[in-house]
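The block underneath contains the structure these notes are about, expressed in structure tokens.
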Number of protein chains: 2
Amino acid sequence: MSVTSALGFRSSGVAAGLKSTGKPDVAVVVNDGPDRHAAAVFTTNRVAAAPVHWSRQAVSDGRADAVVLNSGGANAATGHQGFQDAHATAEHAAARLGVSAGDVLVCSTGLIGLPQAMDRLLPGVTAAVEALDVDGGDAAAQAIMTTDSVPKTAVHAGPGYTIGGMAKGAGMLAPGMATMLCVITTDAVVDPGGLHAALAEAVRTTLNRADSDGCMSTNDTVVLMASGASGSTPDPGAFQEGLRQVCADLARQLIADAEGAAHEIAIRVVNATTEDAAEAVARAVARSNLFKTAVFGQDPNWGRVISAVGTVPEDVAPYDPNLLDVTFNGVQVCRNAGVGEDRDLVDLSGREVSVVIDLHAGQAEATIWTNDLTHDYVHENSAYSS
Amino acid sequence: MSVTSALGFRSSGVAAGLKSTGKPDVAVVVNDGPDRHAAAVFTTNRVAAAPVHWSRQAVSDGRADAVVLNSGGANAATGHQGFQDAHATAEHAAARLGVSAGDVLVCSTGLIGLPQAMDRLLPGVTAAVEALDVDGGDAAAQAIMTTDSVPKTAVHAGPGYTIGGMAKGAGMLAPGMATMLCVITTDAVVDPGGLHAALAEAVRTTLNRADSDGCMSTNDTVVLMASGASGSTPDPGAFQEGLRQVCADLARQLIADAEGAAHEIAIRVVNATTEDAAEAVARAVARSNLFKTAVFGQDPNWGRVISAVGTVPEDVAPYDPNLLDVTFNGVQVCRNAGVGEDRDLVDLSGREVSVVIDLHAGQAEATIWTNDLTHDYVHENSAYSS
């Protein structure tokens, strides 16, 4: 159930003292081949962390032999020294693995603006390399957690091959993914171009539509590695769908464990002119603090929904404002932008909330997953620096 | 100190039973001339309330004889009936004032999605017309309050003329202004074209830059009326500046009284390539829930500031991500996108917080005023429908 579900991978997670709690904080995932194909997508934040700059360059040739991940320090806003530290981390791991540093990706998460504690990280990498194991996937998933309450892993069994992955992320979940590190492995035979196309498409409709608090991180990274160890060359469509399922499963787990959330909310916009239009409308609602606090208060406040819908410019999402319908958990509380069914019929006491917005403008749809805005969110993010 | 500070205006505020508290909820402002020049700006929300549709049409000829305002009901998302109710309100006031309904503007604020309680509103308008007084400005400012804790009024004494205004607004303060109703009066002699140009420019850099929670309302309206009763024709530049001061004063009061806020935050972006670029960057920071919770926690978290800055696309705001400086209350905690002065030197215990972001890209600047994100915000907006 993680990055070692697929054949050809070893992994590990160890405690290096980067976290003040003493919990595991360094993970390594190694691809033992025979293929070392890889693809990755990264945050679109212009203030990207040093490991993002390093890994973007390292994976650009479609090859990765290993990924080193650490929690307990984001190595973001750390300038030239930060890049040198990311580079040194890759060199250190590469030397112990007998591979080229240019084929080692680095992912970091934790506090922004602090120098990486290299005196702890490098011994941790040494220990993690020594601990590598074909059953090490769960240990790795543990080691990348920050404010996550549970590790996130997923697996898909395809015909003759496996796709497995792990992710971390709890706050700052947003458009270009999340403060989100995610490593997915497969033993299928897929070339780097095929991996990249499949990953970009899978992320687009899953992890990129998990928008917990609208805040985009500096460190988001999703890596996909293929070992080819199964010897099985998948049907591209089936592989795409399997990868999408793994990403969707991880995205749901991220939203379900978002900092301080009391509800997971699926905002589905239907009958839009285009998928982009539907996504823009859903995201506008997902970013409305008034909507999010209403859900926390178990209030099916459709007025706040249509107010948010109304902020999307007409050239982005054409629709007639007089035709909007809004349904909360199956009850159509707003019809034609006015009062619909009795709002008292809506039960928002459970964790899962479904909001469907009908634009009556076309046939496209999209769903954004978000959370409510709660006292615990305010508490966690005001009481602790991150 | 309100809409009756200028000569030629009468006003009133009465309790009509629209608010369950029994507090004043209907106001009327009348321009007794000799001029009846007017201009107005409205929310850009596509789901605009019925009174916005009515008033936009009514003011389009540059004339307004009166404004009727009510709290206790937004008349938004009320369909055709809502527009008929806004129209009937104008007709009712016009008959009692002896003017044309097409010269009576209507502004409403309160809950969205409920039919306007016309059986209470119309008698309230009758009573308000009977109560009109040249000293009625403060009563009107009281009657338009919703969750405001204090009425907001401002006055500017120009050479030979006066500009005075009132505003309400506490939550949902955002780009196209706020859930904000604002009436400004002047006894200067200014034609409708001059009024509109001056109002649009004044609002652009003041009320439109008050962005408390990123949520744009359906009812925002700012009306400016000129009676010409002073007989004084102002210098256009001086009038513009006086109007800007009144709008800025009201905007500051709105931010200072925002729902549940513990801090007023001025986010000033300097050395941008253009004013638009500076505004886009400042607004991105103002919309970051992580930044806003950090300020609530008195944490000068510059990492969250530059993370938000990094989300602004390069074509919107060109800058080098490695050159960002961030200053909290005079302490430059971030230099060149890395650690600067000691963050422990920053004191965020007061209500006023200044954040200056230096892009080192040009010479333009802009300031957005916002609030922190607090437990009280979550409480007020989850416990009460609005």
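The analysis underlying the following values was restricted to heavy atoms, covering all of them including side chains, and did not include hydrogens, waters or symmetry mates. Per chain, numbering begins at 1; letters A, B, ... match sequence-line order. The shown structure was predicted, so the numbers you read here are calculated from the model rather than taken from an experiment.
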Under 4.5 Å from any heavy atom of chain A - which part of [X]:
X         : answer
Tyr319(B) : both
Pro115(B) : neither
Gln81(B)  : neither
Asn45(B)  : both
Leu114(B) : neither

Under 4.5 Å, counting heavy-atom pairs only, tell me which of [options] racks up the most with chain A.
options                                    : value
Thr78(B), Val295(B), Thr374(B)             : Thr374(B)
Pro313(B), Ala74(B), Ala308(B)             : Pro313(B)
Val312(B), Asp372(B), Leu324(B), Asn336(B) : Val312(B)
Ala48(B), Gly113(B), Cys334(B)             : Gly113(B)
Val309(B), Asn289(B), Thr293(B), Val47(B)  : Thr293(B)
Gly297(B), Ala284(B), Gly310(B)            : Gly310(B)

_Set out, in order, the CA-CA distance, both residues' side-chain angles and the distance that settles side chain to side chain donor-acceptor pair (under 3.5 Å) for Ser71(B) and Lys168(B), then state yes or no._
CA-CA 10 Å; Ser71(B) 51; Lys168(B) 66 86 27 183; over 6 Å; no

Within the distance-only criterion (no hydrogens, no angle test), does the side chain of [X] pair as donor or acceptor with the backbone N or O of [Y] below 3.5 angstrom?
X         : Y         : result
His263(A) : Leu348(A) : yes
Asp148(B) : Thr146(B) : yes
Asp376(B) : Ala261(B) : no
Glu341(A) : Gln332(A) : yes

*Between chain B and each of Ala77(A), Gly82(A), Pro321(A), count heavy-atom pairs under 4.5 Å; write down the option with the most.*
Ala77(A)

*Report the residues that fulfil side chain to side chain contact (heavy atoms under 4.5 Å, CB included) with Asp320(B), sequence neighbours left out, ordered by chain and then residue number.*
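If we apply the side chain to side chain contact (heavy atoms under 4.5 Å, CB included) test to Asp320(B), skipping adjacent residues, the hits are Asn322(B), Leu323(B).
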
*Tell me, side chain or backbone of Glu314(A) under 4.5 Å from chain B's heavy atoms, or both, or neither?*
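When you check distances to chain B, atoms from both the backbone and side chain of Glu314(A) fall under 4.5 Å.
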
*For Arg46(A), what residues pass the salt bridge (Lys or Arg N to Asp or Glu O under 4.0 Å) criterion, not counting sequence neighbours?*
none

*asked:* Side chains of Asn329(B) and Asp347(B): any donor to acceptor distance under 3.5 Å?
replied: no

*Specify the closest pair of heavy atoms between His375(A) and Val378(B), including all atoms of both residues, with the distance to one decimal.*
N-CG1, 3.7 Å

